[in-house]
Amino acid sequence: MISSVAHFLESRGMVEEVLKVATDPDYKFELAIELGRLEIATLELTEKCLTNAMVLSALLLLYSSIGDAEGIATLAIVAKLQGKNNVAFLCLFMLGKLDDNRIPEAAFMACSYLLSKVSEIVEVWRKDLSK
């Protein structure tokens, strides 16, 4: 649905301004194409396709690339519900919203920065999970 503000601006030929206030994704996509703003149209189309296909890891890449914290937060919830704990963990890690148990974070850091400690931290993590 087109808001009354967007409709008013469009009737005045202020399409660039309409793009700023439009909330409907399909309408925004059409405006972006009309204005030749393919970067907006492409990202929104990409997001829509990835969401419909439930390609969570690619959505994480998209949201983190464009700095969409709200998208990452929503993705964390969806990933948790879908049982994609690796994606959920990375989302929460990026947002700085991990719980008090820092063992998974330590394992993640060891994999990235201290490979010699991976076996040790994985064993600690297993023991923690079995509690």
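Side chains are part of it too, since the values below use all heavy atoms of this structure and drop only hydrogens, waters and symmetry mates.
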Check whether any side-chain heavy atom of [X] lies under 4.5 Å from a side-chain heavy atom of [Y], and answer yes or no.
X	Y	result
F8	E17	no
V18	K28	no
F89	K80	no

Check whether [X] and [Y] end up in the same hydrophobic cluster, where Ile, Leu, Val, Met, Phe, Trp and Tyr are linked by side-chain heavy atoms less than 4.5 Å apart.
X	Y	answer
I40	M14	yes
L61	L43	no
L50	V87	yes
I33	L45	yes

> In Å, rounded to the nearest 0.5 Å, how long is the span from SG of C91 to NZ of K97?
Replying inline: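 That separation rounds to 11.0 Å.
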>> Please find the pair of heavy atoms, one from E10 and one from Y27, that lie closest to each other, and give the distance.
In response: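 Looking at all heavy atoms of both residues, the closest pair is OE1-OH, 2.7 Å.
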>> Ignoring hydrogens, what is the shortest heavy-atom contact between A79 and A88? Give both atom names and the distance.
In response: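 For A79 versus A88, the nearest heavy atoms are CB-N, 3.6 Å.
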Enumerate, atom names and distances included, each donor-acceptor pair closer than 3.5 Å involving a side-chain atom of residues 112-129, sequence neighbours excluded.
from	atom 1	to	atom 2	distance (Å)
S112	OG	F108	O	3.3
K117	NZ	E120	OE1	3.3
D128	OD2	N101	ND2	2.8

> Which residue pairs pass the side-chain hydrogen bond (donor to acceptor under 3.5 Å, both in side chains) test with at least one member in residues 58-70, sequence neighbours excluded?
Replying inline: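 Those involving residues 58-70 are E47-Y63.
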>> Could you work out, with side-chain hydrogen bond (donor to acceptor under 3.5 Å, both in side chains) as the rule, every residue matching D26, not counting sequence neighbours?
In response: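 Testing D26 for side-chain hydrogen bond (donor to acceptor under 3.5 Å, both in side chains), a comparison that skips the adjacent residues, returns K48.
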>> Suppose we screen for side-chain hydrogen bond (donor to acceptor under 3.5 Å, both in side chains). Which residues come up paired with E16, at least two apart in sequence or across chains?
In response: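 R37.
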>> Tell me every residue that passes salt bridge (Lys or Arg N to Asp or Glu O under 4.0 Å) with E30, counting only those two or more places apart in sequence or in another chain.
In response: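 Result, salt bridge (Lys or Arg N to Asp or Glu O under 4.0 Å) vs E30: none returned.
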>> If the test is side chain to side chain contact (heavy atoms under 4.5 Å, CB included), which one of L90, T51, L60, L62 qualifies with L75?
In response: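 With L75 as partner, L90, T51, L60, L62 yield a single side chain to side chain contact (heavy atoms under 4.5 Å, CB included), made by L60.
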> Residues sharing L81's hydrophobic cluster, by side-chain heavy-atom contacts under 4.5 Å among ILVMFWY, directly or via others?
Replying inline: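 Besides L81, the hydrophobic cluster comprises I77, listed by chain and residue number.
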>> Working note: V78 + M54, criterion side chain to side chain contact (heavy atoms under 4.5 Å, CB included); need CA distance, chi angles, decisive distance, verdict.
In response: CA-CA 9 Å; V78 171; M54 293 299 286; 3.6 Å; yes
